[in-house]
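Below is one structure, written out as structure tokens; comments come after it.
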Amino acid sequence: MADNSVRKDLIPMNNRVHEHLCSATITEVEWERIHMHLTVKVDYAPNYDPSIPLDFYLVAAFLKANARFKVDQSDPYTYHLSLNVTNMGAVMCVPTGTYTIYACQGTDILCAPEVAPELAPKLADCSRTFLHNNKTKGYCVNFSVTEEEEDLGIILNIMDLSKSGLKVFNVDDRPDIRPTGMARVRKEFHKRYVKAGRRFMVWYYNILHDLNRAFRGKNAKKTVLFMSEQSEKLGTNIMSVADRMVERGMEKDFDLIYSARATVANPHYGIPSWLKVLGKLAKSDIIFLDDHAPILDWLFLKEDTQLSQLWHAGAGFKSSGYSRWGHTGCPAPNGCHRQYKYGIAGSRHIAHFFSEVWGINTENVLPTGMPRMDEFLDPEYRAAKEKELREQFPMINGKKVILFAPTYRGKNHFDANYPYHLIDFDRLYRFCADEYVVLFKMHPWVSEPVPIKKEYKDKFVDVNKYPNINDLFYVTDLLITDYSSNIFEYSLMRNPMLFFAFDEIQYSFSRGFHRDYEESAPGKVCHTFDEVMTALENKDFDYEKVEEYVRVHFDYIDSGASDRVIDWIVLGNLPEDIRASIQAVEDDVERLRRLDFSSLTPVEESEDEDTSD
């Protein structure tokens, strides 16, 4: 009964395949991280108009369209199709199933593309398996062709490998290191304790949420939670928005609350801490995060709670989240990122990098700019910090300043490091002469100090303890970095940059880039320190790339990012064009769910039909 009521608003698709109005051939299959790309050649019947574009759908065996490909035409007969398998518009992976591709025009089904004969033997190599959950589970996209038929119709099997029935072996299955005796008992008890604890916390959150909504008055103030699970100090984006709300006197209309814990570095917070966080989540109407929150990988917020991500990274190169799906440390198919209603970016040009990371729609990444840059772009703040820096580090006065500020190497906070032996400190010191000084600002996770010789301390300064790298940019004439997102802020200084990317190949494999590194780096890329020194000596910085970087990455260069976050997200006053684009995607997803391809089902002959000659 329920199914029939839903099917009343279905959109019937008309099967016109038998009319042979067109045919299509898949000539290429390629992958770009999580994006599947197909090249399709289309031939039309003589009386058919090729100027009317086609739509291409991924249709499951039960004759429902679960995804529509993005389409780009290089000419009327060549279509380039793309599909993000981690988010086909509905903020979820393409569901598991067996699929066929159909080319349609409006509500007419015209053909099912076949595989070019020369491509068919290579299809197996085009399949992909994306491992996740510490590589114990996987999401597989497998290509094949139809069998026992004359054509080469393409078949896509999308599978959840955790449901394959195969056992996934891990450390506990190795007899030589398998825990035994009390160690095994303690390990098993801990696993059961964690599972039971999470079930209780989900129940506790739901009860608190429902009670809060039931008993608070209609005129009660909305609650805004500023939250971090990565640090016991809230990030600068978060605090810039919170402080600005206070400056605007919004505490009379909103209850502003805060939560900051370092659960990634220290997962052993006590029960009172967890209950307190759950209480804050339950009463919140709007939540701002400044990074991934592991608690929200298994605790799913109620629909009336709006979660937004104010990630600190302006726009570096490093892939993270779903951009590096299949690599170590990537997210599960569902979790924290999927719950974001909004994220923020510096411009619309780069919003798709962030949406790919979070597995949400690009339209929901708002080009507000980075709130922390409101202070950075304040002339009075800059003047005060420049004065402070020149007093604290007098050796920079009258000199040109090189800031050496790379990201860390290693997997995480615990093994973060930097290979100082690659730096030719002697040659760099000689280069400085009476013209330059070098400030070394390593990533906060790198605990090993910069090995500066005593006799070099008149020109080399370790500024790792200086709290805010952005302040250092005011006195910096040249930045040397690698894959760090600090280029975002520094680009607005309109000064040159060099990129010491000695491990570009290894880094691209282990961490990945979500765009071409050497093309998008706003400066000269060097792969050896000798190349760095040659570039310094020749003043060869590829400076023209800086202005292009600024043009692409900033829609606003002002001190209004915090206000835009407040106005657009907290107060709900989105610009009309952004609101319309979000609604258009939601409408498109809803329409996709209603498409009915059941006309493709063969009509069976009636038993009463007369088949005599």
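We're numbering straight along the sequence, starting at 1.
- Under a 4.0 Å N-O distance rule, the pair Arg430/Asp424 does not qualify as a salt bridge.
- For the atom pair CZ of Phe288 and CD1 of Ile566, the computed distance is 8.0 Å after rounding to the nearest 0.5 Å.
- Looking at heavy atoms from C-beta onward, Leu366 lies in side-chain contact with Ile578 at the 4.5 angstrom threshold.
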Glu547 and Arg551: CA distance, side-chain angles, deciding distance, salt bridge (Lys or Arg N to Asp or Glu O under 4.0 Å) verdict: CA-CA 6 Å; Glu547 284 298 329; Arg551 184 190 69 80; over 6 Å; no
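- The distance from atom CG of Leu256 to atom CZ of Phe226, rounded to the nearest 0.5 Å, is 5.5 Å.
- Between the CD1 atom in Ile238 and the CG atom in Leu310 there is a gap of 5.0 Å [rounded to 0.5 Å].
- Nearest heavy-atom pair across Ala405 and Ile469 is CB-CD1, 3.8 Å.
- Asp563 places none of its side-chain heavy atoms less than 4.5 Å from the side chain of Glu247.
- Across every non-hydrogen atom of Cys432 and Lys459, the tightest pair is CB-CD, 3.6 Å.
- Listed here is the closest heavy atom pair of Gln339 and Leu301: OE1-N, 2.8 Å.
- Interatomic distance, CD of Glu489 versus CG of Leu377, reported as 9.5 Å (0.5 Å rounding).
- Between Phe425 and Tyr420, the distance separating the two ring centers is not shorter than 6.0 angstrom.
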Derivation and outcome, side chain to side chain donor-acceptor pair (under 3.5 Å), residues Glu356 and His35: CA-CA 10 Å; Glu356 180 179 307; His35 300 274; 2.8 Å; yes
side-chain contact (heavy atoms from CB on, under 4.5 Å) evaluation trace for Leu478 with Leu536: CA-CA 10 Å; Leu478 170 70; Leu536 286 172; 3.1 Å; yes
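- Figure legend: Arg427 and Phe529 shown without cation-pi pairing, the cationic atom not lying both under 6.0 angstrom from the six-membered ring centre and within 45 degrees of its axis.
- Under 3.5 Å, the side chains of Asp458 and Tyr429 contain a donor-acceptor pair of N or O atoms.
- Annotation for Phe488 and Tyr549: closest pair CA-OH, 3.8 Å, computed over non-hydrogen atoms.
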Lys441 and Asp471: CA distance, side-chain angles, deciding distance, salt bridge (Lys or Arg N to Asp or Glu O under 4.0 Å) verdict: CA-CA 12 Å; Lys441 175 69 172 171; Asp471 295 347; over 6 Å; no
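- Under the 6.0 Å distance and 45° angle rule, Arg128 does not count as a cation-pi partner of Trp325.
- Results of the ring pair (Phe, Tyr, Trp, His ring centres under 6.0 Å) test with Phe440 over Phe393, Tyr418, Phe404 single out Phe404 as the only residue that passes.
- In this structure, CG in Asn237 is found 6.0 Å from CE in Met370, a value given to the nearest 0.5 Å.
- Geometrically, Arg338 engages Tyr322 in a cation-pi contact, judged by NZ or CZ lying under 6.0 Å from the ring centre and within 45° of the ring axis.
- Remark: the backbone N or O of Ile360 is paired with a side-chain donor or acceptor of Asn87 at under 3.5 angstrom.
- The pair Arg564-Asp555 fails the salt-bridge criterion, with no side-chain N (NZ, NE, NH1 or NH2) lying under 4.0 Å from an Asp/Glu carboxylate O.
- Of the charged side-chain nitrogens involved, none lies within less than 4.0 Å of a carboxylate oxygen, so that Glu519 and Lys545 do not count as a salt-bridged pair.
- With ring centers used as reference points, His337 lies under 6.0 Å from His292.
- By the 4.5 Å heavy-atom criterion applied to side chains, Trp358 and Asn364 are not counted as neighbours.
- Other residues, nucleotides and ligands contribute over 12 non-hydrogen atoms within 6.0 Å of the CD atom of Glu435.
- With respect to the salt-bridge test (charged N to carboxylate O, under 4.0 angstrom), the residues Arg409 and Asp482 qualify.
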Ile344 and Phe354: CA distance, side-chain angles, deciding distance, side-chain contact (heavy atoms from CB on, under 4.5 Å) verdict: CA-CA 8 Å; Ile344 63 169; Phe354 294 86; over 6 Å; no
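- When the shell of 6.0 Å around CG of Asn134 is examined, it contains 12 or fewer heavy atoms from other residues, nucleotides or ligands.
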Audit row: Asp374, Ser240, side chain to side chain donor-acceptor pair (under 3.5 Å) steps and yes/no: CA-CA 8 Å; Asp374 291 349; Ser240 295; over 6 Å; no
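- Within a 6.0 Å sphere centred on NZ of Lys399, heavy atoms belonging to other residues, nucleotides or ligands number more than 12.
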ring-ring contact (aromatic ring centres under 6.0 Å, His included) assessment of Trp31 paired with Phe130: CA-CA 12 Å; Trp31 284 92; Phe130 300 92; 5.7 Å; yes
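- Within 6.0 Å of CG in Asp434 there are 12 or fewer heavy atoms belonging to other residues, nucleotides or ligands.
- Considering all non-hydrogen atoms of both residues, Tyr466 and Gln392 come closest at CE1-OE1, 3.7 Å.
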Residue pair Phe376, Tyr474: steps toward the ring-ring contact (aromatic ring centres under 6.0 Å, His included) verdict: CA-CA 9 Å; Phe376 180 67; Tyr474 297 141; 5.2 Å; yes
